[in-house]
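For reference, the structure is listed below as structure tokens.
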Amino acid sequence: MEMKIEPLALPGIDTQRPIVIAGPCSAESEEQVMETAKSLAEKGVKIFRAGIWKPRTKPGGFEGIGTLGLPWLKRVKQETGMLVATEVATKDHVFEALKAGIDILWIGARTTVNPFAVQEIADALKGVDVPVLIKNPVSPDLELWIGAFQRLYGAGIHRLGAIHRGFSSDDKKIYRNLPLWHIPIELRRRLPELPIFCDPSHIGGKRELVAPLCQQAMDLSFDGLIVESHCNPDCAWSDAAQQVTPDVLDYVLNLLVIRDSSQTTENLNALRRQIDGIDEQILTLLAKRMRISKEIGVYKKEHNMPILQSPRYSEILEKRSSMGAQMDLNPDFVKEVLKSIHEESVRQQMIVMNDEKK
Ligand code: PEP
Ligand code: MN
């Protein structure tokens, strides 16, 4: 499906990078919303975010203040002049949000995964001209993400934007959601007109990661940032660990180095950042493989088995090198890499065995 995505054309917002959207994860009370919004407006933020309806992984958490909070966002518009944005997940949310004059809607990661839900939102928006930002689905599925843009586009919503908020993983060592930068980079290649925002708050899950992730997003030529900011982050009713005060946000934004994306070296930088991201993934996977290998060492020790199981080793080398060949990788190179990984696995298992002897 051909899409001619139009610029967001947000009134009063210039398109200079980064376009900043900031505000609390959730609207909690009128005071919290107004205090946060006023501080952000003083720092020059022009678009305010706040979740009114909150999709929660498990029941029992704060599921959002609901329609009660919409007049607070209206007040933010009137008193600060900021545009306001909120998440919608059902047709009812869409009707309520539009009725309350919300300027920008976004679709959350847990909704983007569900084509029925996205279609329901698209149908509810037929005939309306409102910009919609779509967060990536929780799973790293670019086609599903693009499918959501197509559903909205098909309903006549041509002012679209993407929000990269990272992908769910059981590996929560550094990030709450793995950035997998190659996915938004591929989205940019597929839909070059689509503005892409980075959500460092949900990727990082902790406030220390907000600044480096914002910088990485700028280095990858993202168009904007959507950052969770709360007047009293530690007391936030949702996502407390990842929210920053408006002061901290201002500090982070002022330190950002914005490189000129029109320079040809920007392409080279983008490719290098992609390589950096892939290396990080390789290392994460290697660390995981070593952990499993050590567990195997424990098993072998308990069952009095030798470390080296030659048939298994030969099988690994043969199968992986032909698998590599199918992926256009030189089989000798694949064998070399695997030999070296295997060597380190054996060394780790020897350590495990010796430790256990003590
Ligand atoms: C949010 O923006 O607060 C949110 C719920 O994010 P996500 O959909 O990315 O999890
Ligand atoms: Mn949140």
Side-chain angles (χ1 to χ4, degrees), residues 20-28 32-33 36-37 40 45 47-66 69 73 84-90 93-94 97 102 104-114 117-118 121 131-142 144-145 148-149 152 161-169 172 175-181 183-184 187 196-207 209-210 213-214 217 222 224-245 249:
V20 176
I21 304 173
C25 177
S26 305
E28 299 164 3
Q32 168 252 10
V33 165
T36 308
L40 288 168
V45 173
I47 312 172
F48 184 74
R49 65 148 282 160
I52 291 286
W53 301 281
K54 301 301 299 179
R56 304 315 299 268
T57 301
K58 290 187 181 142
F62 174 56
E63 297 197 329
I65 204 77
L73 296 186
V84 294
T86 201
E87 171 172 350
V88 290
T90 66
H93 295 167
V94 169
I102 302 294
I104 302 167
L105 307 179
W106 85 77
I107 298 180
R110 291 164 195 75
T111 306
T112 312
V113 280
N114 181 349
V118 174
I121 294 170
V132 179
L133 308 179
I134 306 183
K135 288 195 163 200
N136 63 260
V138 286
S139 49
D141 187 340
L142 179 63
L144 194 55
W145 200 2
F149 289 108
L152 272 288
I163 300 175
H164 170 232
R165 51 74 83 194
F167 301 89
S168 285
S169 155
K172 300 215 187 299
Y175 303 107
R176 174 178 175 187
N177 295 312
L178 295 182
L180 306 183
W181 295 105
I183 293 183
L187 179 66
I196 307 183
F197 290 75
C198 176
D199 175 342
S201 315
H202 290 89
I203 295 176
K206 30 181 145 15
R207 51 186 79 108
L209 290 179
V210 169
L213 284 165
C214 286
F222 277 46
L225 299 167
I226 174 163
V227 187
E228 285 190 342
S229 180
H230 189 292
C231 54
N232 188 358
D234 286 328
C235 297
W237 297 1
S238 59
D239 291 351
Q242 70 195 33
Q243 305 207 53
V244 295
T245 60
L249 176 68

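Remember, it's 1-based here, ligands and their atoms both numbered in the order they're listed.
Between Cys25 and Lys54, the closest side-chain pair of non-hydrogen atoms falls below 4.5 Å. Using a 4.5 Å heavy-atom cutoff, the side chains of Leu152 and Ile107 are in contact.
The closest heavy-atom contact to atom 3 (O) of ligand 1, among the options Arg176, Lys135, Lys54, Glu87, comes from Lys54.
The closest donor-acceptor contact from the side chain of Thr36 to the backbone of His230 lies at 3.5 Å or more, if one exists at all.
Looking at Glu228, its N, O or S atom nearest to the Mn ion (ligand 2) turns out to be OE2. Minimum-distance N/O/S atom of His202 relative to the Mn ion (ligand 2): NE2. Note on Asp239: its N/O/S atom closest to the Mn ion (ligand 2) is OD2.
Using modelled atom types and a 3.5 Å distance limit, the side chains of Asp239 and His202 yield a donor-acceptor pair.
Looking only at heavy atoms of the protein, atom 8 (O) of ligand 1 is closest to Ala109 N, 2.9 Å. The nearest protein atom to atom 4 (C) of ligand 1, hydrogens excluded, is given as His202 NE2, 3.5 Å; this is a heavy-atom distance.
Close approach of ligand 1 to Gly108 (heavy-atom distance below 4.0 Å) involves ligand atoms 8 (O). Short contacts between ligand 1 and Arg110, defined as distances under 4.0 Å to a heavy atom of the residue, involve ligand atoms 7 (P), 8 (O), 10 (O). Of all atoms in ligand 1, listed by their number and element, those nearer than 4.0 Å to a heavy atom of Arg165 are 7 (P), 9 (O), 10 (O). Those atoms of ligand 1 with a heavy atom of Cys25 less than 4.0 angstrom away are 3 (O). Atoms of ligand 1 found under 4.0 Å from any heavy atom of Arg49, numbered from 1 in the order shown, are 1 (C), 2 (O), 3 (O).
Listed here is the closest heavy atom pair of Leu73 and Val84: O-CG1, 3.7 Å.
Polar contact check, Glu228 against ligand 1: a nitrogen or oxygen pair lies under 3.5 Å apart.
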Report task. Could you walk me through whether Arg56 and Ser238 pass side-chain contact (heavy atoms from CB on, under 4.5 Å), step by step? Result -> CA-CA 9 Å; Arg56 304 315 299 268; Ser238 59; 3.7 Å; yes

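Using the six-membered ring where Trp is involved, His93 and Trp53 have ring planes that are parallel, under 30° apart on the 30 and 60° scheme.
Looking at Glu228 and Arg49, a side-chain N of the basic residue comes within less than 4.0 Å of a carboxylate O on the acidic one, giving a salt bridge.
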